[in-house]
Amino acid sequence: MNQVKTDEKYQLHVDQQKSFKQNSTPGDLTGCQLRNPTSSLPQGVAGPSAHSSQKLIEDALQKRELRLMKNREAARECRRKKKEYVRCLENRVAVLENQNKTLIEELRALKDIYRHKVE
DNA sequence: CGGACATAACGTCATTTTCG
DNA sequence: CGAAAATGACGTTATGTCCG
């Protein structure tokens, strides 16, 4: 339904970014696999009560899971849109190549006609 | 058959962009 | 301006193909 709309949006993004950003400091592992998954969570400090701090941790974990799930789906959608965008581009290339061929042929024919006339 | 290589799809993290 | 969404980058996994 919103095909064109999303494509336009994607185009905007791509135009803007130019992707000259490979200096994202590969120095430190940007890898994902085994980072402490709870690193951004409240530490298990000896708090007011073991129960409430435990609940904090559980809440944070739940929040994280929700965020990961949303991002997972966003990534899927993003890839889908990108593939669609690339397909559109490839299609456009094919169309333009055909147009180009036709025009070249037409020009050749016109030149032929002209040559016969002046002879 | 099985290992080496290529490719596609995925999940996660970091960063950028959008929107209220 | 901050939260949420979108996207780039990177590592992992699954699948297919080729070749010895």
Side-chain angles (χ1 to χ4, degrees):
Chain A
M1 310 294 185
N2 50 1
Q3 199 58 40
V4 179
K5 193 75 176 184
T6 55
D7 281 351
E8 280 173 359
K9 247 186 161 183
Y10 191 79
Q11 178 96 43
L12 268 182
H13 291 160
V14 172
D15 281 352
Q16 282 169 358
Q17 55 203 8
K18 321 271 189 185
S19 283
F20 288 149
K21 44 168 300 189
Q22 56 186 20
N23 28 340
S24 55
T25 60
D28 263 9
L29 50 138
T30 54
C32 44
Q33 212 50 7
L34 284 184
R35 284 185 182 159
N36 180 4
T38 60
S39 59
S40 62
L41 300 176
Q43 300 296 345
V45 281
S49 82
H51 285 70
S52 61
S53 65
Q54 182 63 25
K55 185 165 188 322
L56 276 182
I57 291 174
E58 279 176 15
D59 282 357
L61 271 175
Q62 202 170 346
K63 208 173 163 187
R64 179 176 192 275
E65 281 309 310
L66 185 65
R67 181 173 53 78
L68 287 182
M69 194 179 79
K70 279 186 175 180
N71 185 247
R72 201 178 301 140
E73 284 162 16
R76 273 196 219 113
E77 176 65 8
C78 185
R79 290 184 191 115
R80 191 194 62 75
K81 274 165 60 182
K82 188 170 184 176
K83 275 181 81 173
E84 176 67 22
Y85 173 64
V86 169
R87 260 197 296 271
C88 282
L89 282 185
E90 287 170 345
N91 196 45
R92 185 162 161 72
V93 166
V95 167
L96 290 176
E97 278 177 348
N98 275 336
Q99 274 184 11
N100 201 33
K101 252 187 222 164
T102 303
L103 289 172
I104 286 173
E105 183 54 36
E106 194 179 327
L107 179 62
R108 208 179 57 76
L110 288 173
K111 279 180 171 175
D112 245 28
I113 291 174
Y114 177 73
R115 193 177 318 126
H116 284 110
K117 271 200 164 164
V118 297
E119 279 172 1

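Keep in mind that the numbers below use all heavy atoms, side chains included, and drop hydrogens, waters and symmetry copies. So you know, we letter chains A, B, ... as the sequences are listed, proteins then strands, and number each from 1.
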Nucleotide N/O of nucleotides 6-9 of chain B paired with protein N/O under 3.5 Å:
unit_1 : atom_1 : unit_2 : atom_2 : d
B/dA9  : OP1    : A/K83  : NZ     : 3.0
B/dA9  : OP2    : A/K83  : NZ     : 3.1

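Remark: A/K70 is in phosphate contact with C/dA5, judged by side-chain N or O atoms under 4.0 Å from OP1 or OP2. The shortest distance between the side-chain N/O atoms of A/R72 and the OP1/OP2 oxygens of B/dC10 is not below 4.0 Å. OP1 or OP2 of C/dT7 has at least one side-chain nitrogen or oxygen of A/K81 nearer than 4.0 Å.
Screening A/R79, A/K83, A/E77, A/E84 against A/K81 for a side-chain contact (heavy atoms from CB on, under 4.5 Å) leaves a single residue, A/E77.
Taking NZ from A/K63 and CG from A/L56, the interatomic distance works out to 11.0 Å, rounded to the nearest 0.5 Å. Expressed to the nearest 0.5 Å, how far CD of A/E58 lies from NZ of A/K55 amounts to 8.0 Å.
For A/E77 and B/dC10, the CD to P distance is 12 Å, given to the nearest whole Å. One interatomic measurement links the two molecules: OH of A/Y85 to P of C/dT7, which rounds to 12 Å at whole-angstrom precision. One interatomic measurement links the two molecules: CG of A/L68 to C1' of B/dC10, which rounds to 14 Å at whole-angstrom precision. Between the CE atom of A/M69 and the P atom of B/dT12 there is a distance of 11 Å, given to the nearest Å. Residue A/R76 contributes atom CZ, which lies 13 Å from atom C1' of B/dT12 at whole-angstrom precision.
Within the 4.5 Å cutoff, side-chain heavy atoms of A/V86 are placed close to those of A/E90. For the pair A/N91 and A/R87, the minimum side-chain heavy-atom distance is 4.5 Å or more.
Contacts of A/N98 classified as side chain to side chain donor-acceptor pair (under 3.5 Å), with partners at least two apart in sequence or in another chain: none.
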